[in-house]
Amino acid sequence: MSAAARSTLRSLALVLGLAVAASAVAGLGYGRVAAEHTLVVLAPLGVVTILLASWLGRRRALLGGLRRQFTVAAVVAVGAWLAGTALFALRMFVSDHDAFFTALLAVYAGVLGWWAGALLASGVLDDVRRVRDGLRAVGEGDRDVAFATSARDEIADLAASAQAMEERLAAEERTRRELVAAVSHDLRTPVTNLRLLAEAVEDGVIPEERRREYLSQLGVHVRRLGALIDDLFELSRLEAGDIRWTAERVDVEGLVAEAVEAMRPQADAGAIAVRAELPADLGAAHADPEQLQRVLYNLLQNAVRHTPADGSVVVRAARTPGAVEIEVADTGPGIPAGERERVFEPFTRGDASRSSDGAGLGLAIARAIVEAHGGRIWLAEAAAGTRVRFSVPAA
Ligand SMILES: Nc1ncnc2c1ncn2[C@@H]1O[C@H](COP(=O)(O)OP(=O)(O)O)[C@@H](O)[C@H]1O
Ligand SMILES: [Mg+2]
């Protein structure tokens with residue numbers, strides 16, 4: 001049985017119960033005969049009205065706009081009232097005088113009911129129109145639409161949802177614009193350098209040893225560009241959810257040891273001590289090992305890059321219920337309070353890192369990977385230095 005049919009049956013049972021209750025009250029006041037008359041009038045009237053209303057409810061499309069639908073509801077109510085009055089008059093030998101004035105009152109009250117309904121409906125219609133016009137404007141690109149309605153009802157809920165949608169759209173568009181601006185800016189500098197170098201080499205007027213130097217600079221810029229494009233590609237794939245996962249048991253201890261060893265030459269060059277301090281009972285994570293390695297590597301690279309000579313970088317990990325938390329801590333200058341909120345956004349670079357190699361994508365990629373695993377990444381409180389911590393599900 002369909003949901004609509006079930007709801008009609010429920011209404012029918014309810015209206016019959018109501019008719020029985022009303023006839024019981026009539027019986028208490030005026031005896032058994034009055035009770036019978038009441039039941040015979042009210043029960044069929046209730047059934048017919050409910051069936052008619054359910055039928056109309058399923059065919060709202062036939063009724064047209066909301067105003068018409070409200071009018072039909074009022075007409076059904078008045079019709080039920082009039083029919084009821086007429087049936088009572090016929091069955092219970094009400095005097096013509098009483099019947100006339102009862103019918104008159106019924107018609108008058110019915111008209112008032114219809115009127116009140118129409119007035120109420122016009123407020124509803126205004127709100128519906130306001131939401132509709134607002135949505136149209138948003139659809140045409142307007143992002144300053146205020147969705148305000150006059151009541152606290154379902155239409156207000158609709159307006160609030162529309163408002164939230166508009167704000168999310170505006171934020172997404174802002175992010176996209178900023179991203180495009182940042183990408184073009186980051187591409188322009190190396191490309192300009194490349195063009196100048198290429199022109200100088202082409203000119204052929206420079207001495208041989210300068211030529212060699214220029215060519216090696218060309219190589220540096222090309223590699224940097226390539227790395228930027230790889231990172232951008234990776235980030236866009238991660239954000240689109242377009243990645244093939246091979247989540248498996250990952251031995252965190254081994255993974256951390258590998259990443260630390262991979263960083264050692266760079267750390268040694270900067271006289272920075274890098275080490276792992278892991279508990280014996282750490283257990284395994286459930287993750288894609290390559291991706292997890294990439295997160296660790298990005299964090300370690302940042303830490304080593306920002307730590308001055310004689311400083312240290314330490315990887316720590318802990319088992320929490322259902323997850324493994326890994327932290328990379330360094331003794332560098334730390335991340336200023338004003339930047340802490342934004343460091344995980346693409347192209348965010350601290351003032352001190354403006355001129356460095358990075359494009360500001362490392363932490364954004366790390367966050368995308370961690371979140372794709374169902375974990376999270378954040379900056380832990382640190383008295384000195386930086387502590388970036390993330391969680392991944394335990395195996
Ligand atoms: N360990 C750290 N110590 C200090 N600042 C950091 C550290 N890690 C990240 N940051 C800041 O966060 C910014 C964003 O980092 P990231 O996304 O890896 O980009 P990139 O390394 O390319 O600059 C960095 O430019 C830097 O300002
Ligand atoms: Mg980085």
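Indexing begins at 1, ligand by ligand and atom by atom, following the structure's order. Predicted, not measured: the structure shown is a model, and the values here were computed from it. Counting from 1, the numbers follow the sequence of the chain as shown.
Under a 4.0 angstrom heavy-atom cut-off, Gly332 registers as lying outside contact with ligand 1. Distances shorter than 4.0 angstrom occur between a heavy atom of Asp330 and an atom of ligand 1.
Environment of CZ in Arg58: crowded, with over 12 heavy atoms of neighbouring residues, nucleotides or ligands closer than 6.0 Å. In Arg264, the CZ atom is crowded: over 12 heavy atoms of neighbouring residues, nucleotides or ligands sit closer than 6.0 Å. More than 12 heavy atoms of other residues, nucleotides or ligands shown are found within 6.0 angstrom of CD on Glu261. Within a 6.0 Å radius of CD in Glu199, other residues, nucleotides and ligands contribute more than 12 heavy atoms. Summarising the local packing, CH2 of Trp115 is surrounded by 12 or fewer heavy atoms from other residues, nucleotides or ligands at distances under 6.0 Å. Other residues, nucleotides and ligands place no more than 12 heavy atoms under 6.0 Å from the CZ atom of Arg249. Crowding of Glu325 atom CD: a count of heavy atoms from other residues, nucleotides or ligands under 6.0 Å exceeding 12.
In terms of polar-atom proximity, defined here as any N/O pair under 3.5 Å, Leu363 does make such a contact with ligand 1. Residue Asn302 has at least one N or O atom closer than 3.5 Å to an N or O atom of ligand 1. Ligand 1 has no nitrogen or oxygen under 3.5 angstrom from a nitrogen or oxygen of Gly334.
At a heavy-atom cutoff of 4.0 Å, ligand 1 is contacted by no atom of Gln301, backbone or side chain. Contacts between Thr348 and ligand 1, counted as non-hydrogen atom pairs separated by less than 4.0 Å, involve the backbone only. Contacts between Ile335 and ligand 1, counted as non-hydrogen atom pairs separated by less than 4.0 Å, involve the side chain only. Here Arg349 has heavy atoms under 4.0 Å from ligand 1 in both its backbone and its side chain.
Excluding waters, the count of protein N/O/S atoms less than 2.8 Å from the Mg ion (ligand 2) comes to 1.
For the salt bridge (charged side-chain N to carboxylate O under 4.0 Å, His left out) with Arg143, the lone residue among Glu167, Glu173, Glu172, Glu166 that qualifies is Glu173.
With respect to the salt-bridge test (charged N to carboxylate O, under 4.0 angstrom), the residues Arg212 and Glu208 qualify. Taking 4.0 Å as the cut-off between side-chain N and carboxylate O, Glu290 and Arg294 do not count as a salt-bridged pair.
Remark: among candidates Arg340, His306, Glu339, Arg367, the nearest residue to atom 2 (C) of ligand 1 is His306, based on non-hydrogen atoms.
Residues Val145 and Gly134 come closest through the heavy atom pair CG1-CA, 3.7 Å.
Ligand-side atoms of ligand 1 in range of Ala303: 1 (N), range being under 4.0 angstrom from any heavy atom.
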